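Worksheet for the structure shown next.
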Protein chains: 2
Amino acid sequence: MGTTTQPDAVPEPKYWHLKTVLSDALDSEFEVGEILPNERDLAARFGVARATLRQALEQLELEGRLQRRRGVGTTVAPPRFGVDVGAGVHVWPGAPDDAWQTGECEETVPPRAVAALLDAAADGDEVHSVRRTRMTHGQPVATELLYVPRSSVPGLPAETLEEPSGGSARGRAVLRELWRLELQGQERTVELGSARADDARQLDRLPGAPVLVVTTRYVAQGTTVAVGVSTYRADTCRLTFADRMPEPQAAAAESTPSERERAHGGRHRTGARLSRR
Amino acid sequence: MGTTTQPDAVPEPKYWHLKTVLSDALDSEFEVGEILPNERDLAARFGVARATLRQALEQLELEGRLQRRRGVGTTVAPPRFGVDVGAGVHVWPGAPDDAWQTGECEETVPPRAVAALLDAAADGDEVHSVRRTRMTHGQPVATELLYVPRSSVPGLPAETLEEPSGGSARGRAVLRELWRLELQGQERTVELGSARADDARQLDRLPGAPVLVVTTRYVAQGTTVAVGVSTYRADTCRLTFADRMPEPQAAAAESTPSERERAHGGRHRTGARLSRR
DNA sequence: TCCTCCGATTGGTCTTGACCAACTCTTATG
DNA sequence: CATAAGAGTTGGTCAAGACCAATCGGAGGA
């Protein structure tokens with residue numbers, strides 16, 4: 001019972017089939033930013049329960065194809081934008097308005113996992129910490145917590161800590177400006193996580209939203225002098241890492257910033273099958 | 001209504017509260033590999049509908065804390081293991097049995113997104129492609145598709161293509177051995193995706209399972225000569241990137257391979273509150 | 001003109017109940 | 001003793017319905 005009408009080999013889940021149908025429709029019949037019919041209508045139109053429809057929508061949202069907001073509706077999300085995370089050169093076109101916003105410095109006890117990475121801090125020790133937020137395309141895409149054990153920066157006047165550079169800067173630049181740390185290198189890990197309540201609020205997402213957690217270990221003099229934990233919105237970001245990339249000649253200029261090709265194909269025609277009414 | 005008994009500020013969703021309760025229980029009362037009570041029991045025990053319980057379990061599975069298998073049960077997952085992805089040195093303890101398994105070379109039309117990255121292939125062109133699988137800790141953690149346009153390796157005897165190195169090797173090593181390509185550098189992007197049916201099968205997961213998609217762009221002579229698309233299980237893997245990391249003296253030897261600390265704290269006591277019966 | 005309030009709309013949460021599919025273990029059978 | 005057939009267990013899918021919470025827009029009042 002479907003449109004493909006296979007013999008009946010493996011009964012594909014309804015929501016899975018629904019997802020592919022919607023996905024195709026998204027490509028062919030909708031514009032970015034366009035608003036879909038509401039869930040109750042869609043469910044009725046496909047002859048499924050709302051829960052089933054929602055299962056498909058959830059998948060699509062996870063893939064960054066949709067954006068849902070309570071009280072508003074479900075809209076077609078723009079393609080993910082590349083967010084440079086590596087230490088190397090910018091290669092993928094970065095957003096023109098990509099900027100970090102640095103908060104105030106505090107004294108906190110870092111999470112256990114962070115403490116384990118810091119050579120100079122025992123479990124339970126308080127360390128300096130700064131919260132930062134990364135804005136791109138007019139929206140927050142990441143929050144970061146930077147942890148610097150006191151012993152990494154002994155005898156630093158509190159003044160310096162209260163007055164950060166105030167503007168955009170890469171993590172290592174902040175470490176230099178705030179604490180005059182000169183780094184030798186860094187090491188990063190990326191993993192999937194779900195947003196904690198505080199991070200979710202800053203990212204304008206609901207708690208539990210999928211995020212990419214980037215843990216950076218800053219190294220100087222052979223020891224880990226700082227650790228940064230960045231939380232990126234997984235639905236809108238594609239992290240890019242470049243290590244000693246020679247500037248590509250032609251390929252780099254192939255398209256303008258924001259509107260990059262999507263992960264697995266993506267065109268934007270127009271039509272009117274699923275459109276309103 | 002809850003255990004925390006806040007005044008009643010923001011009514012925390014039930015499944016969210018449930019998730020934290022379960023998460024704590026996982027830390028304090030269960031061993032890795034232990035099997036939880038079944039969903040119907042758990043739901044009854046917490047006085048919620050099974051659907052609600054499942055919402056909490058889904059979150060925990062997404063975070064890599066649980067593993068669920070139909071017909072078997074829900075088990076406590078081991079901590080994520082770090083999987084080295086960068087071009088640099090191994091720093092995080094890699095698994096002793098980490099190995100790539102290279103398949104046969106075929107001729108395929110790469111997905112549009114890949115073609116867009118390949119300088120030497122127009123949309124629709126066939127290119128060489130090799131499927132590879134990465135095994136770690138006795139299970140498949142990633143599948144990869146390597147795309148090499150013919151013009152990158154003109155006039156290569158088919159023999160070479162049919163007989164890969166047969167064993168473990170990093171991506172660039174494969175490119176060298178298979179096609180004698182010497183690379184200048186590479187660039188990677190990481191994004192969240194959901195497993196396609198074929199990848200899911202290879203990863204022993206259900207279609208739609210969350211994966212980390214690593215797209216690697218191999219560069220030689222200033223052009224992109226190959227593109228690799230790796231699909232990592234997001235629930236079991238933590239990708240690590242190291243660029244010119246100086247070997248840390250003490251910190252590197254702090255713990256033995258597999259059993260690393262978990263992302264946000266994690267100890268393993270024993271108890272018996274939720275345990276069977 | 002500006003503001004506030006209220007109601008309609010939309011996605012988010014939760015319940016109950018049912019059946020399906022993968023798996024394990026027991027039991028019957030050769 | 002090995003194998004096959006069932007039965008029972010467990011997670012996966014689906015339905016139908018109810019209510020909650022965020023949002024937006026218009027009506028009404030200052």
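So that the names make sense, note that chain A is the first sequence line, chain B the second, and so on, each numbered from 1. Bear in mind that the values here come from a model prediction, so they are computed numbers and not experimental data.
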Could you list, one pair per line, each protein nitrogen or oxygen that sits under 3.5 Å from a nitrogen or oxygen of nucleotides 4-8 of chain C, together with the distance?
none

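Counting only distance, with no hydrogens or angles, the side chain of B:Gln55 and the backbone of B:Thr52 share no donor-acceptor pair below 3.5 Å. At distances below 3.5 Å, at least one donor-acceptor pair connects side-chain atoms of B:Ser28 with backbone N or O atoms of B:Asp24. At least one donor-acceptor pair closer than 3.5 Å links the side chain of A:Arg80 to the backbone N or O of B:Leu192.
One side chain, B:Ser194 or A:Glu63, offers a donor N or O that lies under 3.5 Å from an acceptor on the other. If you check the side chains of B:Ser129 and B:Glu106, you find no donor sitting under 3.5 Å from an acceptor.
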Check: For nucleotides 9-16 of chain C, read 5' to 3', which letter fits each nucleotide if B means a protein heavy atom sits under 4.0 Å from the base, S means only the sugar-phosphate is that close, and - means neither?
Finding: -BBBBSBB
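Rounded to a whole Å, the CD1 atom of A:Ile35 is 14 Å from the P atom of D:dT23.
Ring geometry, B:Trp100 versus B:Tyr232: the interplanar angle exceeds 60°, so the pair is classed perpendicular (tilted spans 30 to 60°).
Closest non-hydrogen pair, B:Gly82 versus B:Thr240, comes out as CA-CG2, 4.0 Å.
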For residues 202-211 of chain B, which side-chain N or O atoms pair as donor and acceptor with protein atoms under 3.5 Å away, sequence neighbours left out?
residue: B:Gln202; atom: OE1; partner: B:Thr133; partner atom: OG1; Å: 3.3
residue: B:Arg205; atom: NH1; partner: B:Asp235; partner atom: OD2; Å: 3.1

